[in-house]
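Reviewing the structure listed below.
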Amino acid sequence: MAKGITKRSEDYSRWYLDVIAQADLAEHSSVKGCMVIKPNGYAIWEKIQGQLDKMFKETGHVNAYFPLFIPESLLRKEAEHVEGFAPETAVVTHGGGKLLEEPLVVRPTSETIIWSTYKKWIQSYRDLPILINQWANVVRWEMRTRLFLRTTEFLWQEGHTAHATAAEAEAETRQMLEVYRQFAEEYLAIPVHTGVKTESEKFAGAVHTYCIEAMMQDRRALQAGTSHNLGQNFARAFDVTFQNEDGVSDYVWATSWGVSTRLIGALIMAHSDDNGLIVPPRLAPLPVVVVPIWKSDDEMAAVISHVRELTASWKGKIDFKVDDRNQYRPGFKFNEWEKRGVPIRIEIGPKDIENKQAVIVRRDTGEKISIAQDQVLQVVLQKLQEMQEALFKRALEHRETYSFVVDDLEDFKKRIDEPGGFFWVHWCGAQACETKFQESSKSTIRLIPFDAQKEKGKCIICGSPSQQRVLVAKSY
RNA sequence: CGGGGCGUAGCGCAGUCCGGUUAGCGCGCCUGCUUCGGGAGCAGGAAGUCGGAGGUUCAAAUCCUCUCGCCCCGACCA
């Protein structure tokens, strides 16, 4: 049925790329590992930005912008940080035709440039907290790239906050993770687990890294957002101190948190089907398309004017588009809007006009119903709501179906490949055991959950006592 | 970095092994007519320095040398 889209069951990876191509979201650029985000893809990013930006502001944050270039010496100031990021940086060595005295790193993340600036802004506890977010592009010279999931240059937001106490920084870190969780579940319609990264998986330079992890349709995990408690690491590296209420000097406490255009990849892989993209209604740049149907030119004029009249009162209540292009036939349009993931399609033709009806079609289920024209808006709004909830529910059921509590190592090794999924296993906390997961099954500890009840058990690798289960999965 | 593949019209490809008229095909595009409730049909038309440089030859998309780039699969990562 769907031309140009490989079936998920045949080749999931190929399917993913086909969906992007057919929905016209993005394409490879002439620069290795970099993509051109096309209008259809960028519109989704704008929806994501709009909602997140609102949520950031509701939690007291403001936007600012720091430079793209970071003097190499700044990046080197925090030891762990440079070790983590130096291998994947792009470095500018020339400017204006001359060799630069000091090379400039194209930011892979902005902690260093920002903390070197915060040093100038902070003297007293009265200057705190600083709650800043920036929308930016960053560059990480990855070995292997995939559209949206991992590109050399990507768009993201990075929050960088400064606090007077450890407790406040911790609260901020957890608050922003909660913002991400809420956004993922309520807008992307993707259920996520929240928790702490292991020592080896945490952000370079952080004390703790918290994350949200989602399951894709191929049962692999995708890290969809991170929030880091940076402790006083960057304050020490950049010598950022403040005087507290008692006149005592201390280093400032820091957090940083981010989500990227990877969320578009998550959205595609979580919901779309063999007919193409499916966008959750709350993030759909175009939630509704109206396809008028006609035969003759006379009929065309009559149907279109009828549709215009009907939809006139919808303006301001819902975003929609009337597809009155004459060069395409209805079947072509149906297919095109499906590939693009528009949640609701409304068909209105001569028969419908005669019966004072309209046909409403839902993208995710294909459900097709006829509705009296004066009720269309109301029903469409209701269907959009239903679809948003249905997508979440379906994703949640999928995750639950492929989540397993496992205690036997052989059992784990067998099932991690087939069917794959999320595995809750006991882990003693030793890095040696963590490494064994990776070597034996190509899976990783995705997180140590916040919400799991304490449960005594034995590490699935070494048998040592364990206090709780952790989430293990193959990941992107 | 290892393994595989590719570069020919806007897109997808054939032609390359075995050199030889005017470099083809599908989709898309333009014009016209017929169509139009699930990817329209017919007719006509436009569109190419065959990734780049050098070489061999009467003759190169095709052979040789060099070179640039991209994609896919693995190890690193949001």
Side-chain angles (χ1 to χ4, degrees), chain A residues 1-6 11 13-14 16-18 21-22 24 27-35 83-89 108-109 137-158 180 197 200-204 209 211-214 221-228 256-266 275-276 291-300 303 324-339 345-355 357-359 361 366 368 370 438-439 442 444 446 475-476:
Chain A
M1 181 165 169
K3 280 187 223 164
I5 301 179
T6 308
D11 184 343
S13 169
R14 187 75 246 165
Y16 174 75
L17 294 168
D18 288 345
Q22 294 294 319
D24 210 20
E27 64 187 38
H28 291 284
S29 72
S30 51
V31 183
K32 180 189 169 76
C34 292
M35 63 176 168
E83 196 188 322
F85 283 104
E88 55 184 46
T89 53
T109 179
N137 57 339
V138 286
V139 167
R140 298 183 185 175
W141 218 260
E142 303 285 357
M143 294 175 189
R144 178 138 154 59
T145 58
R146 263 162 87 71
L147 288 179
F148 290 116
L149 297 178
R150 184 172 300 106
T151 46
T152 300
E153 179 190 16
F154 58 94
L155 305 183
W156 77 345
Q157 59 69 214
E158 45 181 329
Y180 291 156
K197 282 291 184 194
S200 64
E201 296 274 332
K202 76 170 193 203
F203 177 76
T209 287
C211 64
I212 55 174
E213 291 281 333
L222 183 76
Q223 180 174 311
T226 50
S227 183
H228 315 291
S256 68
W257 28 274
V259 297
S260 70
T261 34
R262 165 177 274 195
L263 291 181
I264 297 173
N275 292 324
V291 179
I293 295 161
W294 59 78
K295 286 187 176 36
S296 64
D297 281 1
D298 286 350
E299 207 167 55
M300 174 174 90
V303 172
D324 56 6
R325 293 174 297 175
N326 196 18
Q327 70 267 39
Y328 298 116
R329 300 159 84 227
F332 179 91
K333 295 179 184 178
F334 295 166
N335 189 259
E336 183 176 50
W337 295 115
E338 262 165 27
K339 287 191 304 193
R345 180 177 76 238
I346 301 172
E347 303 169 14
I348 299 178
K351 285 182 234 162
D352 301 302
I353 292 175
E354 199 180 313
N355 300 326
Q357 287 192 330
V359 175
V361 187
K368 212 169 192 175
S370 284
Q438 297 177 32
E439 287 170 355
K442 288 184 179 169
T444 47
R446 302 313 303 158
S475 72
Y476 277 96

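- On the C1' atoms, B:C18 is 33 Å away from B:G10, given to the nearest whole Å.
- With P as the reference atom, B:A61 and B:G55 are 15 Å apart, rounded to whole Å.
- Straight-line distance from the CG atom of A:Asn275 to the C1' atom of B:G38: 11 Å, rounded to whole Å.
- Side-chain atoms of A:Pro292 and A:Ile348, non-hydrogen and from C-beta on, never get closer than 4.5 Å to each other.
- Residue-level contact check: A:Val138 touches neither bases nor backbone, having no heavy atom under 4.0 Å from any strand.
- Below 30°, between 30° and 60°, or above 60°: for A:His228 and A:Phe203 the angle between ring planes is below 30°, a parallel geometry.
- Here the C1' atom of nucleotide B:C11 and the CD atom of A:Gln22 are 11 Å apart, to the nearest Å.
- Of the P atoms belonging to B:G74 and B:G26, the separation is 36 Å, rounded to the nearest Å.
- As judged by a 4.0 angstrom heavy-atom cut-off over every strand, A:Thr151 is placed among the base-contacting residues.
- Note on A:Leu149: a base of the nucleic acid sits closer than 4.0 angstrom, heavy atoms only.
- For A:His28, taking side-chain heavy atoms from C-beta onward, the closest of the listed nucleotides B:C36, B:G38, B:C72 is B:C72.
- With a 4.5 Å cut-off on side-chain heavy atoms, A:Val139 and A:Thr89 do not count as touching.
- For A:Trp294, taking side-chain heavy atoms from C-beta onward, the closest of the listed nucleotides B:A75, B:G37, B:C36 is B:C36.
- Side-chain N/O atoms of A:Arg345 and base N/O atoms of B:G38 include a donor-acceptor pair closer than 3.5 Å.
- Between A:Lys197 and A:Glu213, at least one side-chain nitrogen of the basic residue sits less than 4.0 Å from a carboxylate oxygen of the acidic one, meeting the salt-bridge criterion.
- With rounding to whole Å, A:Lys295 atom NZ is found 16 Å from B:U34 atom P.
- Set against B:A78, B:U35, B:C72, the side chain of A:Arg329 has B:U35 as its closest nucleotide.
- In this structure, the side chain of A:Tyr16 engages the main chain of A:Leu147 through a donor-acceptor pair within 3.5 Å.
- Taking atom C1' on both nucleotides, B:U8 is separated from B:C25 by 12 Å, rounded to a whole Å.
- One C1' atom belongs to B:C6, the other to B:U16, and the distance between them is 14 Å to the nearest Å.
- Between B:C30 and B:A23, the two C1' atoms lie 23 Å apart (nearest whole Å).
- Using a 4.0 Å heavy-atom criterion, one finds that A:Glu142 contacts the bases of the nucleic acid, with or without backbone contacts as well.
- Counting to the nearest Å, the P atom of B:G39 and the CG atom of A:Asp24 are 22 Å from each other.
- Of the candidate nucleotides B:A78, B:C73, B:A75, B:C73 has the atom nearest to the side chain of A:Arg146.
- Between the CG atom of A:Leu147 and the P atom of B:C70 there is a distance of 14 Å, rounded to whole Å.
- Among the protein residues, A:Asn326 comes within range of no part of the nucleic acid, since none of its heavy atoms lies under 4.0 Å from any strand.
- Residues A:Ile293 and A:Asp352 form no side-chain contact, since every pair of their non-hydrogen atoms from C-beta on lies 4.5 Å or further apart.
- Here A:Phe203 lies out of heavy-atom contact (under 4.0 Å) with every strand.
- For a distance-only test at 3.5 Å, the side chain of A:Lys368 qualifies as a donor-acceptor partner of the base of B:G38.
- A:Gly265 comes within 4.0 angstrom of no nucleic acid atom, judged by non-hydrogen atoms across all strands.
- Taking the centre and axis of the six-membered ring of A:Phe154, the NZ or CZ atom of A:Arg262 falls outside the cone set by 45° and 6.0 Å.
- Nearest-nucleotide positions on RNA chain B place A:Gly349 closer to the 5' end than the other of A:Arg144 and A:Gly349.
- Here the side chain of A:Asn335 is nearest to one of B:G38, B:G37, B:C36, namely B:G38.
- Nearest to the side chain of A:Arg140, among B:A78, B:C36, B:G38, sits B:A78.
- Nucleotides B:G7 and B:C17 place their P atoms 14 Å apart, quoted to the nearest Å.
- Regarding A:Lys339, its NZ atom lies at a distance of 13 Å from the P atom of B:G39, rounded to whole Å.
- At a threshold of 4.5 Å between non-hydrogen side-chain atoms, the residues A:Thr109 and A:Glu158 count as touching.
- Taking only side-chain atoms of A:Phe332, from C-beta outward, the nucleotide of B:G38, B:A78, B:A40 with the closest atom is B:A40.
- Comparing A:Glu347 and A:Met143 by the nucleotide of RNA chain B whose heavy atom lies nearest to each, the residue mapping closer to the 5' end is A:Glu347.
- For a distance-only test at 3.5 Å, the side chain of A:Glu336 fails to qualify as a donor-acceptor partner of the base of B:G39.
- The side chain of A:Tyr328 sits closest to B:C29 out of B:C72, B:C29, B:G37.
- Taking atom CD1 of residue A:Ile5 and atom P of nucleotide B:G38, one finds them 19 Å apart after rounding to whole Å.
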State the dot-bracket string of RNA chain B. Criteria: Watson-Crick or G-U wobble, both atom distances under 3.5 angstrom; notation: ( ) intrastrand, [ ] crossing earlier pairs, | interstrand, . unpaired. ((((((((.[[[[.)....(...]]]].((((((.....)))))).....[[[[[..)....]]]]])))))))....
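- If you check every strand for non-hydrogen atoms under 4.0 Å, A:Ser13 touches sugar and phosphate atoms only.
- Across all strands shown, A:Pro87 has no heavy atoms under 4.0 Å from either base or sugar-phosphate atoms.
- Distance, A:Glu27 CD to B:C70 P: 15 Å, rounded to whole Å.
- Residues A:Pro350 and A:Glu299 meet the side-chain proximity criterion, which asks for heavy atoms closer than 4.5 Å.
- Of the residues listed (A:Val259, A:Val138, A:Leu263), the one engaging A:Trp156 in a side-chain contact (heavy atoms from CB on, under 4.5 Å) is A:Val138, and it is the only one.
- Residue A:Lys333 is classed as having no contact, given no heavy-atom separation below 4.0 Å to the nucleic acid.
- The closest side-chain heavy-atom distance from A:Ser13 to A:Arg146 is below 4.5 Å.
- Using C1' as the reference atom, B:C63 and B:G39 are 44 Å apart when rounded to the nearest Å.
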